[in-house]
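To find a chain, count down the sequence lines: A is the first, B the second, and so on, and within it residues start at 1.
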There are 2 protein chains.
Amino acid sequence: MVAKVVERQMGVALWRQIADRIRLAISNGDYDATGMVPPETALAAEFGVNRHTVRSALAALAEEGLVRAVQGRGTMIERKDRVSYPISRRTRFSQGLGRQVREIGTELLGHAQVPASGEIATALGVPPGTPLIELSTVSSGDGRPLSTAVSYYPAERFARMAEEYAQLGSVTKAFAAHGLDDYVRVSTEIVARHAEAEELSLLKLSPGAIVMETQSVNADLEGRPVEYSRTRFAADRVKLRIET
Amino acid sequence: MVAKVVERQMGVALWRQIADRIRLAISNGDYDATGMVPPETALAAEFGVNRHTVRSALAALAEEGLVRAVQGRGTMIERKDRVSYPISRRTRFSQGLGRQVREIGTELLGHAQVPASGEIATALGVPPGTPLIELSTVSSGDGRPLSTAVSYYPAERFARMAEEYAQLGSVTKAFAAHGLDDYVRVSTEIVARHAEAEELSLLKLSPGAIVMETQSVNADLEGRPVEYSRTRFAADRVKLRIET
DNA sequence: TAGTGGTCTAGACCACAAG
DNA sequence: TTGTGGTCTAGACCACTAT
């Protein structure tokens, strides 16, 4: 093998040069056989640097979402394309992804009946304390986790929300089962931040990964709010498309 | 001083415990006198750990956007509130920020006339190679950089765009100076990612900081595209509000 | 010049996954 | 048991800022 040259004392940190080399090797497909980056010790030997220097490089690539390290197993290469998730007056999760993914997966993590807290009560236009159904879900496309959400519905009107969702796998269909055939997106707020521990695990992300969090309200055609949702999208796998 | 207790071998990494302590101290206002976190060596002594362990903790906080390290000077505490930037059919930068900031700053970094490349030509609905005016700008609120943008305008129709913008400090007013009194947002795409080197410097961010990048098209009331923009918002300082 | 953060090395040990 | 990534220490030197 040709020795990999890294320039010392040349104004560019070694770990940056090594990160660039590994990024290039990945895009060249050098590691396609295994889908893994070589072990840290191997890379350290290859580049003639300390293992910690390689770790700095890999940490940078993990932050970019290009690789994902798993203790005991190795450092895997991640896909880097994004599906486009449309947000419009009629936002529907499954329809929106359409032909971008072959298979859409929805999982109900849990559900509960909870009293409306201040912020959520305001969003839903109900008195604080009103009983709400809370659903926690994870959605994926072709097996890749795309988003996780916590959603709230007025319990009186949508009493069987959890059961219907678990069975039908769709909020739209669960609404229909309660006699609500149409609803519209009223408002959406978007922030981007680093994923928290729970999100890392639910969305299978590396520490330092980014999530886009949307807080949204949907209402029926009379303008009565029917859903408040807090959705976190894996920023490396999803882009949002606003349709105005 | 009371020795700060960090628990070793208790399943939580020292650097995480230290990050939590520093985060708490910041929110308690312990460092308000200087607006700076103590030097790394001082923190290492305070917690009884190696300086590198403190560096891991500070790196995590920098990624959160809570602090910003500057070589030779120290580690400064950052503000953490976000202004809300509305995106609607009639999106206007200055109006949108309204009363959230006292003073809006716009700076024209540079301008050029360039031929339309494939993607931009498609977005603007012009043949590739059509002359476009390119504007590079940075906008800030109360002195904090909020966003940086590169925008393109058909050169034939908006010949004096750069000069008008430089003088008026507003795209809306520069359009008006060309006889265009109204325009609407046609499409917006949003991705979130880590800031690149140029963005770090323009927006005064720490390495690892997040930007939300929007790609948008505005059109006149006849539907003719008048602007294609690529805007990067500092994610720690801005949230996007979609009005549907 | 002194003080600060940035980089790199060397070595040790731990936690987790796979055989 | 072996190999992997994760954490921590110790020490050195560099680059930049303030004085």
Side-chain angles (χ1 to χ4, degrees), chain A residues 4 6-22 31 34-63 66-78 197 200-201 204-208, chain B residues 4 6-22 31 34-63 66-78 197 200-201 204-208:
Chain A
K4 301 299 174 67
V6 282
E7 295 185 331
R8 289 164 191 266
Q9 315 293 341
M10 278 300 164
V12 179
L14 289 179
W15 68 265
R16 289 186 193 278
Q17 300 180 44
I18 291 169
D20 292 343
R21 295 299 196 83
I22 297 174
Y31 306 139
T34 58
M36 311 267 292
V37 171
E40 295 174 348
T41 47
L43 289 168
E46 182 179 335
F47 290 109
V49 300
N50 189 275
R51 176 181 158 225
H52 287 121
T53 307
V54 167
R55 278 180 63 74
S56 296
L58 289 176
L61 297 178
E63 227 175 68
L66 197 58
V67 301
R68 166 172 155 77
V70 178
Q71 192 174 88
R73 181 147 17 139
T75 301
M76 292 162 296
I77 298 167
E78 291 274 67
L200 292 179
S201 114
K204 297 202 173 70
L205 297 168
S206 295
Chain B
K4 302 299 175 64
V6 282
E7 295 184 332
R8 289 164 190 267
Q9 314 294 341
M10 279 298 164
V12 180
L14 288 179
W15 68 263
R16 290 186 193 279
Q17 300 181 45
I18 292 169
D20 291 343
R21 294 298 196 84
I22 298 173
Y31 307 138
T34 57
M36 310 267 291
V37 171
E40 295 174 349
T41 47
L43 290 168
E46 182 180 337
F47 291 108
V49 300
N50 190 274
R51 177 181 157 226
H52 287 121
T53 307
V54 168
R55 279 180 62 73
S56 296
L58 289 175
L61 296 177
E63 226 175 70
L66 196 59
V67 301
R68 167 172 155 77
V70 179
Q71 190 173 92
R73 182 152 9 142
T75 301
M76 293 162 296
I77 298 167
E78 293 272 66
L200 291 178
S201 116
K204 297 201 173 68
L205 296 168
S206 294

Subject >> Pair of N/O donor and acceptor under 3.5 Å linking dG11(D) base with R51(B) side chain >> reply: no
Original post:
Less than 3.5 Å between a donor and an acceptor, one on the side chain of H52(B) and one on the base of dG11(D), is that the case here?
Top reply: yes
Original post:
Closest to the T41(A) side chain: dT4(D), dC8(D), dG5(C)?
Top reply: dT4(D)
**OP:** With the side chain of R55(B) defined as its heavy atoms from C-beta on, choose the nearest nucleotide among dT9(D), dG5(D), dT7(C).
**Re:** dT7(C)
Whole-Å distance separating the [atom1] atom of [X] from the [atom2] atom of [N]:
X: L14(A); N: dA10(C); atom1: CG; atom2: C1'; answer: 15 Å
X: I18(B); N: dT7(D); atom1: CD1; atom2: P; answer: 13 Å
X: L58(A); N: dT7(D); atom1: CG; atom2: P; answer: 14 Å
X: R16(B); N: dG6(D); atom1: CZ; atom2: P; answer: 10 Å
X: L43(B); N: dT9(D); atom1: CG; atom2: P; answer: 14 Å
X: W15(B); N: dT9(D); atom1: CH2; atom2: P; answer: 14 Å
X: E40(B); N: dC16(D); atom1: CD; atom2: C1'; answer: 14 Å
X: Q17(A); N: dC8(C); atom1: CD; atom2: C1'; answer: 13 Å

Original post:
How would you label the contact of S56(A) with the nucleic acid (heavy atoms, under 4.0 Å): base, sugar-phosphate, or nothing?
Top reply: nothing
**OP:** Verify the contact: side-chain N or O of T75(B) to OP1 or OP2 of dG5(C), cut-off strictly under 4.0 Å; return yes or no.
**Re:** yes
Original post:
Can you check whether T53(B) has a side-chain N or O nearer than 4.0 Å to OP1 or OP2 of dT9(D)?
Top reply: yes
Subject >> side-chain hydrogen bond (donor to acceptor under 3.5 Å, both in side chains) involving R51(B) - partner list, sequence neighbours excluded >> reply: E40(B)
Residues forming a side chain to side chain contact (heavy atoms under 4.5 Å, CB included) with [X], sequence neighbours excluded:
X: P207(B); result: L200(B)
X: A45(A); result: none
X: T53(A); result: L14(A), W15(A), I18(A), V49(A), N50(A)
X: A59(A); result: none

Original post:
What's the spacing between E78(B) CD and K204(B) NZ if we round to 0.5 Å?
Top reply: 11.0 Å
Report all interatomic pairs (protein N or O, nucleotide N or O of nucleotides 17-19 of chain C) with separations under 3.5 Å.
from	atom 1	to	atom 2	distance (Å)
dA18(C)	OP1	R73(A)	NE	3.3

Original post:
Quick check: does any side chain N or O of R68(A) sit under 3.5 Å from a backbone N or O of T75(A), one acting as donor and the other as acceptor?
Top reply: no
